[in-house]
Enquirer: 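Shown below is the structure under consideration.
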Amino acid sequence: VVTTPWGAAGAQPVRVALNGRAFAAASGGAAAVTFTFVGAHAPALLSAAFDAAATTLRLRFDDQPTDRGGMLGEGPCAAVLDEATLARVRGSSADAPECFWVDDSTLAAALPRFTALAPGDRVGVRGGVIGPLALAGACAAEGAFCTPASSVVIDTDDPCAGPCPEPRAQLLAPATVSLCPAEVVSLDASGSTGGGVAPLAFEWGVNTLRSDFSDDVADRLAAEAGPRVYLAGLRGTTYAVQVRVRNFLGAVSAPAEATVVRSGAAAPTILLDGPPARAVRGDEDLVLAVRARL
């Protein structure tokens with residue numbers, strides 16, 4: 001067993017001797033032996049990824065327990081994260097982000113609802129803050145044992161520690177509406193899921209093969225970006241509307257589709273019982289009898 005200072009593992013040429021007799025390597029040269037380096041060292045930042053619910057950012061250090069940067073419980077991320085990372089985590093949110101340690105080697109930043117962080121972003125920690133647990137307070141005494149200012153990139157293909165949230169679109173719409181020209185078609189995709197901590201983005205469209213005046217409907221829908229859409233004054237009788245949802249990690253759902261058909265039934269006739277004209281005082285109540293007939 002050979003104990004060496006901490007560092008990256010690697011092969012080193014050595015010669016082995018037993019009772020004063022050296023053994024030559026089969027290749028004729030020194031044999032390459034891989035050393036495992038152990039001992040107290042400055043914690044190394046290895047990776048950054050979102051958690052499976054996409055509500056926190058997890059920064060993973062090597063297996064040596066850290067002193068957690070002196071943090072107890074939850075505290076401001078400004079104590080450990082660099083300024084660029086803080087700005088991306090915060091996004092357009094009013095409050096500064098909070099951080100906590102999941103364990104001695106995993107730092108978590110709670111993501112606010114309007115975070116700007118995304119896969120492919122570089123995230124980093126401040127230098128001179130996080131040290132090894134075995135040498136608590138080493139950052140103040142010996143800077144060599146503190147994590148230097150360092151950063152890693154969130155993987156674009158695999159940005160989560162485990163499976164990422166899967167966006168699923170859900171679309172509610174009436175099956176039929178009346179033939180009245182002013183009838184409003186209400187579309188509701190607010191029940192869609194898989195956004196993580198941030199709001200879903202909605203992409204509305206139309207099935208051109210199953211819709212009347214599909215270009216007109218598509219133009220109307222292209223201007224919509226929210227979860228609910230209200231369309232009035234549509235031409236035609238059949239509209240097959242689609243919606244996809246995208247989460248802040250870039251994942252896109254399969255389309256959800258709903259078909260709305262204008263009813264072929266005749267518009268109701270309104271019958272007002274009474275004389276064609278009636279005079280009343282301004283402070284007098286007027287009661288009218290009205291009947292509707294299809």
Side-chain angles (χ1 to χ4, degrees), residues 48-59 77 81 84-100 108-123 153-175 177 184-211 214 216-232 234 239-260:
F50 300 99
D51 71 323
T55 58
T56 63
L57 172 69
R58 303 292 178 94
L59 287 85
C77 289
L81 300 184
T85 303
L86 281 173
R88 294 295 292 171
V89 171
R90 182 170 186 170
S92 60
S93 301
D95 299 325
E98 295 284 300
C99 283
F100 60 93
L111 300 175
R113 180 170 173 78
F114 298 106
T115 182
L117 200 64
D121 282 351
R122 180 172 291 278
V123 296
V153 175
I154 303 173
D155 195 285
T156 53
D157 296 324
D158 190 18
C160 299
C164 288
E166 217 176 292
R168 297 182 185 277
Q170 182 182 47
L171 178 57
L172 299 178
V177 294
V184 176
V185 176
S186 300
L187 308 169
D188 187 352
S190 61
S192 301
T193 59
V197 72
L200 288 164
F202 295 83
E203 302 170 1
W204 293 92
V206 63
N207 186 330
T208 58
L209 299 177
R210 301 181 55 223
S211 298
S214 58
D216 292 345
V217 178
D219 289 343
R220 296 274 296 276
L221 291 173
E224 302 291 342
R228 296 181 179 87
V229 173
Y230 304 97
L231 303 175
L234 294 176
Y239 321 104
V241 178
Q242 297 179 337
V243 65
R244 289 181 174 86
V245 291
R246 180 188 302 270
N247 64 23
F248 78 104
L249 302 178
V252 182
S253 72
E257 183 172 314
T259 300
V260 181

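Just so you know, these numbers come straight off a predicted model, no measurement behind them. The first residue of the sequence shown is numbered 1, and numbering continues consecutively from there.
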Enquirer: Side-chain polar contacts of residues 219-231 - donor-acceptor pairs under 3.5 angstrom, sequence neighbours left out - could you list them?
Expert:
{"from": "Arg220", "atom 1": "NH1", "to": "Ala232", "atom 2": "O", "distance (Å)": "3.3"}
{"from": "Arg220", "atom 1": "NH2", "to": "Ala232", "atom 2": "O", "distance (Å)": "2.9"}
{"from": "Arg228", "atom 1": "NH2", "to": "Ser190", "atom 2": "OG", "distance (Å)": "3.3"}

Enquirer: Once rounded to the nearest 0.5 Å, what's the spacing between atom CG of Asn207 and atom CD of Gln242?
Expert: 5.0 Å

Enquirer: Might you point out which heavy atoms bring Leu171 and Glu257 nearest each other, and give the distance in Å?
Expert: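 Nearest heavy atoms, Leu171 then Glu257: CD2-C, 4.1 Å.
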
Enquirer: Of all the heavy-atom pairs spanning Val206 and Ser211, show the shortest one and how long it is.
Expert: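 Heavy atoms of Val206 and Ser211 come nearest at CG2-OG, 3.1 Å.
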
Enquirer: Distance check, rounded to the nearest 0.5 Å: Arg90 atom CZ versus Leu111 atom CG?
Expert: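 Here the interatomic distance stands at 14.0 Å.
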
Enquirer: Is there side-chain contact between Ile154 and Val123, with at least one heavy-atom pair below 4.5 Å?
Expert: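 Ile154 vs Val123: side chains touch.
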
Enquirer: Any side-chain heavy atom of Pro165 sitting closer than 4.5 Å to one from Leu249?
Expert: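 In short, these two side chains touch, coming nearer than 4.5 Å.
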
Enquirer: Do the side chain of Ser253 and the main chain of Val245 share a donor and acceptor less than 3.5 angstrom apart?
Expert: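 Yes, the answer is positive, given that a donor and an acceptor are paired below the 3.5 Å cut-off.
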
Enquirer: Minimum heavy-atom separation for Val89 and Thr115, please, with both atom names.
Expert: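 That closest heavy-atom pairing would be O-OG1, 2.8 Å.
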
Enquirer: For the backbone of Gln170 and the side chain of Ser192, can you confirm whether one donor and one acceptor N or O come within less than 3.5 Å of each other?
Expert: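 Answer holds: yes.
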
Enquirer: According to the side-chain hydrogen bond (donor to acceptor under 3.5 Å, both in side chains) rule, which pairs have a member within residues 155-165, sequence neighbours left out?
Expert: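 For residues 155-165, and leaving out neighbouring residues, there are no side-chain hydrogen bond (donor to acceptor under 3.5 Å, both in side chains) pairs at all.
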
Enquirer: For residues Asp216 and Leu234, determine if any side-chain heavy atom of one lies less than 4.5 Å from a side-chain heavy atom of the other.
Expert: no

Enquirer: What distance separates Phe50 CZ from Thr56 OG1, expressed to the nearest 0.5 Å?
Expert: 9.5 Å

Enquirer: Is there side-chain contact between Pro199 and Phe114, with at least one heavy-atom pair below 4.5 Å?
Expert: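 In short, these two side chains touch, coming nearer than 4.5 Å.
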
Enquirer: Does a side-chain heavy-atom distance below 4.5 Å link Val197 with Phe248?
Expert: yes

Enquirer: Where is the tightest heavy-atom contact between Arg244 and Val252, given as atom of each residue plus distance?
Expert: CD-CG1, 4.1 Å

Enquirer: Step by step, work out the side-chain contact (heavy atoms from CB on, under 4.5 Å) result for Val241 and Val260.
Expert: CA-CA 8 Å; Val241 178; Val260 181; 5.7 Å; no

Enquirer: Once you round to the nearest 0.5 Å, how far does SG of Cys99 lie from CG of Leu86?
Expert: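 If we round to the nearest 0.5 Å, Cys99:SG and Leu86:CG are 7.5 Å apart.
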
Enquirer: Identify the two heavy atoms, one from Val243 and one from Phe202, that lie closest to each other, and give their separation to 0.1 Å.
Expert: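 Minimum heavy-atom contact is CG2-CD2, 4.2 Å.
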
Enquirer: Does any part of the side chain of Leu59, heavy atoms only, come nearer than 4.5 Å to the side chain of Leu81, both counted from C-beta?
Expert: yes

Enquirer: For Gly194 and Asn247, work out which heavy atoms get closest and say how close.
Expert: O-ND2, 3.1 Å

Enquirer: How long is the gap from CG on Asp121 to OG1 on Thr85, to the nearest 0.5 Å?
Expert: 8.5 Å

